[in-house]
Amino acid sequence: MVDLIALLLLLSGCFFIFAGTVGMLRLPDVFCRLHAMTKADNLGLLLICMALAVMDGRLRTTLLLLLIWLLALLASTVSAHLIARHARGQSQ
Amino acid sequence: MNPAVYVLVAAAIFGIGLHGLLVARHVMRKLLALNLMLSALFLLLIVVPASIDGRPDPVPQALVLTGIVIAVSTTAFALALMVRLFRRQGHASIHPDLDPTLIGQRRATKRKEGDR
Amino acid sequence: MTEQLLPWAIVFLLLNLAAGLWRAWRGPTAGDRLLTTLLFGTTSVALLLLMAEWMALPGIRHVALMLVLLATIISLAFFGMPEAGNRARESDDG
Amino acid sequence: MNVGLLIDLLLGLILVGLAVQVVLGRQLFRSIVFYVAFGLAMALVWARLGAVDLALADAALGAGLTGALMLAAFRRLIKLDPAQAVTSGSAHTALALLIAVLAAGMVATIGLTAMALESQPGAAGVAVFEALPATGLGNPVTGVLLAWRGFDTLVEMVVLLTAFLGARVVADEGWAPRSTVASFDLPLLRTLVAAIVPLASLIALYLLWIGSDQPGGAFQAGSVLAAAGVLLLLTGQLLPAPTSSAWLRLGLVLGVAGIGLLVLLPMLSGRPPLAWLGRGALLLAESMMMVSIGCTLTLMFAGAPGLKDGTR
């Protein structure tokens, strides 16, 4: 049962990161790509972290994965914001 | 874990880095190429020795760790030199036809050919 | 059953990274290229965590933690560039 | 075609692809961006090879610090003369290509032949694993770095100090008071600094503490401290200053002093290194090294002799 949950989480996590990559390749301009990618990658990372936490089972690892995800959230929001500012500066 | 793949990858990166080093004019490009060659050799140094019961050999690991730290410090020193070179020379490129001393000689040889 | 799937998930994410590489190669504007560093950041953190579980090396989670910490600092260092430098260079590439 | 080989091939492909983009990128800025991505990919390769200490070091130093140092230098060039800073171009001669291909072939043959040799029985690595329990350390790499080859680490700290002194002398009048501050001021940055800098120092101490038994140690911890220093410089909390305070100078020399004592004392007294001094001395020496690596790399990023508080 637990294994099934982990499997589902892992598959959906990979799917969302794939969705982010497809968004990056297909969408017309930088801002749409940025928009799609940041959201999809963060959600994908969350699901993968949850899958790994379920598989590993120890509380220490789960808390470490949670910290890594929160910092990844912070990192991607900051860099997405900066890329958008940079791109807007160019397009004027 | 197949070492042969990584040996070929390391050789390819070494070649690319050497090509970049020979071809690039801007000093920072040369530094980037040099760092590529360093990473390639570090990769070679770790992959070639046989791993001991599944774990990589600790002695080359320690050497490469020291190498990485020294690579960062030499890169930092080289960057400082580059900025000083840029301030004095007006550009940070190393190339024969940009080198003032050589330009003088070339102009002299051109004049000689012109007179003949 | 999920244990056998871990390496294939790693292969899948590596393919995503390769796709990001293609966008970086083709990407018309500078923003696209910087976009790929964002992709590289998040995907390589996910890759490291999967590797930590697959190869049973808990130390690799610390690598992911450090990468995430540094990703913010590097993107700040990238975008702290003076505007003149960016515009002067992007015009010919644009 | 097992999955391990597939992973290795893909990692190799990504690594070579990034290396090509670093060298052939038309703009310098673009090459630096790809060099940082190359550092990240190298960290992945080290993790895949099981060399976790190197993954930590390459992630922090290779991708993080080297990228930040190069961007800082690039920014100084742009500030001096925007037009000249970026003109690079390169003369693609066929000769260079030939030399590169031959060199790659040479490295490949060396690697493949060396791999074919079977390792001698008395190989150092095996000896390290056997003698490790005697030193009370769990992490063989730290064991090699501090116990058996401590002198090597001492020389390395001296190299780091000399590189900084050299950079300081060369960039004597080059630094500008606000040269490293990012060219925009966002409220976002202050909250970022308030969140990340304390966390980074906590992680640095954590890495230092687990260094003796798991992958980690003084170098990785020092580079995390340096990353926090770089963040402070980027957001203007710290500013480059013409004179360095006594504390900073002490911090710079601390590393050499710490590892020097740890290495030379046992050497003078002729006893085996760690067994005599014990783990406490090791931790003290490592924390001194961490502090000095952090100070040195931050100052190199600032490109100035000293630092002063930017908030006052």
Side-chain angles (χ1 to χ4, degrees), chain B residues 1-16 18-20 22-26 28-29 32-33 35-36 39 43-44 46-50 52 55-59 61-62 64-66 68-70 72-77 79-84 86-87 90-93, chain D residues 4-5 8-9 12 15-16 19-20 22-23 28 31 35 42 49-51 53-54 57-58 61-62 65-66 69 73 76-77 80 84 88-90 92 96-97 100-101 103-104 107-108 111-112 114-115 119 124-126 128-129 140-141 144-145 152 156 159-160 163 166-167 170-171 174 219 300:
Chain B
M1 215 280 282
N2 317 73
V5 172
Y6 289 108
V7 166
L8 295 178
V9 164
I13 294 172
F14 186 85
I16 293 167
L18 184 61
H19 177 74
L22 295 175
V23 149
R25 285 188 181 154
H26 200 291
M28 198 184 275
R29 279 193 182 283
L32 285 172
N35 278 332
L36 282 184
S39 299
L43 186 58
L44 202 70
I46 289 292
V47 164
V48 164
I52 297 153
R55 287 162 65 178
D57 187 339
V59 175
Q61 260 189 331
V64 169
L65 187 62
T66 319
I68 289 176
V69 174
I70 289 186
V72 173
S73 44
T74 36
T75 311
F77 182 39
L79 288 171
L81 281 174
M82 180 191 73
V83 172
R84 188 65 181 266
F86 188 88
R87 189 173 302 114
H91 57 77
S93 303
Chain D
L5 179 64
D8 296 335
L9 285 174
L15 219 54
V16 172
V20 166
V22 166
V23 167
L28 193 49
S31 297
Y35 179 72
M42 271 309 276
L49 293 172
D53 282 82
L54 299 183
D58 224 346
L61 290 174
L65 259 296
T66 319
L69 285 170
R76 276 185 208 108
L77 293 190
L80 287 170
Q84 270 302 339
S88 53
S90 40
H92 281 288
L97 209 60
V101 167
V107 168
L112 293 175
M115 221 165 57
S119 63
V126 178
V128 162
F129 277 117
V141 176
V144 171
L145 273 179
D152 217 20
E156 184 193 333
V159 163
L160 203 63
V170 160
F219 301 115
M300 279 195 188

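Hydrogens, waters and symmetry mates play no part in the numbers below; they use all other heavy atoms, side chains included. Bear in mind the structure is a predicted one, so any value in this text is a computation, not a measurement. Sequence lines set the chain letters: A, B, ... in the order given, protein chains first and strands last, and positions in each chain run from 1.
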#### Entry: Contact winner vs chain D - B:A12, B:S39, B:A10, heavy-atom pairs under 4.5 Å
B:S39

### Query
Would you say B:I46 and B:Y6 make side-chain contact, with heavy atoms under 4.5 Å?
no

### Query
Who among D:V159, D:L54, D:L69, D:L97 has the most heavy-atom pairs with chain B under 4.5 Å?
D:L54

### Message
Would you say that D:R76 contacts B:L79 through its side chain, given a criterion of any heavy-atom pair below 4.5 Å between the two side chains?
### Response
no

### Task
Select one option (side chain, backbone, both, neither) describing which atoms of D:V20 are under 4.5 Å from chain B's heavy atoms.
both

### Message
As an exercise: rank B:L18, B:I13, B:T75 by heavy-atom pairs under 4.5 Å with chain D and give me the winner.
### Response
B:I13

### Query
For chain D, which of B:A33, B:A80, B:S73 has the most heavy-atom pairs under 4.5 Å?
B:S73

### Summary
Okay, B:L81 and chain D: the region with an atom under 4.5 Å from a heavy atom over there is both

### Query
So, D:T66 side chain and D:L61 main chain: donor-acceptor pair closer than 3.5 Å or not?
yes

### Query
Checking heavy atoms, do the side chain of B:I16, its backbone, both or neither come under 4.5 Å from chain D?
both

### Query
Does the side chain of D:F219 come within less than 4.5 Å of D:E156's, by heavy atoms?
yes

#### Entry: Heavy-atom contact with chain D under 4.5 Å, split by part of B:V64
both

### Message
Is there a side chain to side chain contact (heavy atoms under 4.5 Å, CB included) between B:V9 and D:D8? Walk through the geometry before answering.
### Response
CA-CA 10 Å; B:V9 164; D:D8 296 335; over 6 Å; no

### Query
Top residue by heavy-atom pair count (under 4.5 Å) with chain D, among B:T74, B:L8, B:I70, B:V69?
B:V69

### Task
Output yes when a side-chain donor or acceptor of B:R29 lies under 3.5 Å from a complementary backbone atom of B:A24, and no otherwise.
no

### Audit row: D:L65, D:M300, side chain to side chain contact (heavy atoms under 4.5 Å, CB included) steps and yes/no
CA-CA 10 Å; D:L65 259 296; D:M300 279 195 188; over 6 Å; no

## Note on the structure
Answer key: most heavy-atom pairs under 4.5 Å with chain B among D:L112, D:D152, D:V101 is D:L112

### Interchain contact, B:T66 with chain D, by part (heavy-atom threshold 4.5 Å)
both

### Contacts of type side chain to side chain contact (heavy atoms under 4.5 Å, CB included), residue D:A57, not counting sequence neighbours
B:L65, B:I68, D:Q220

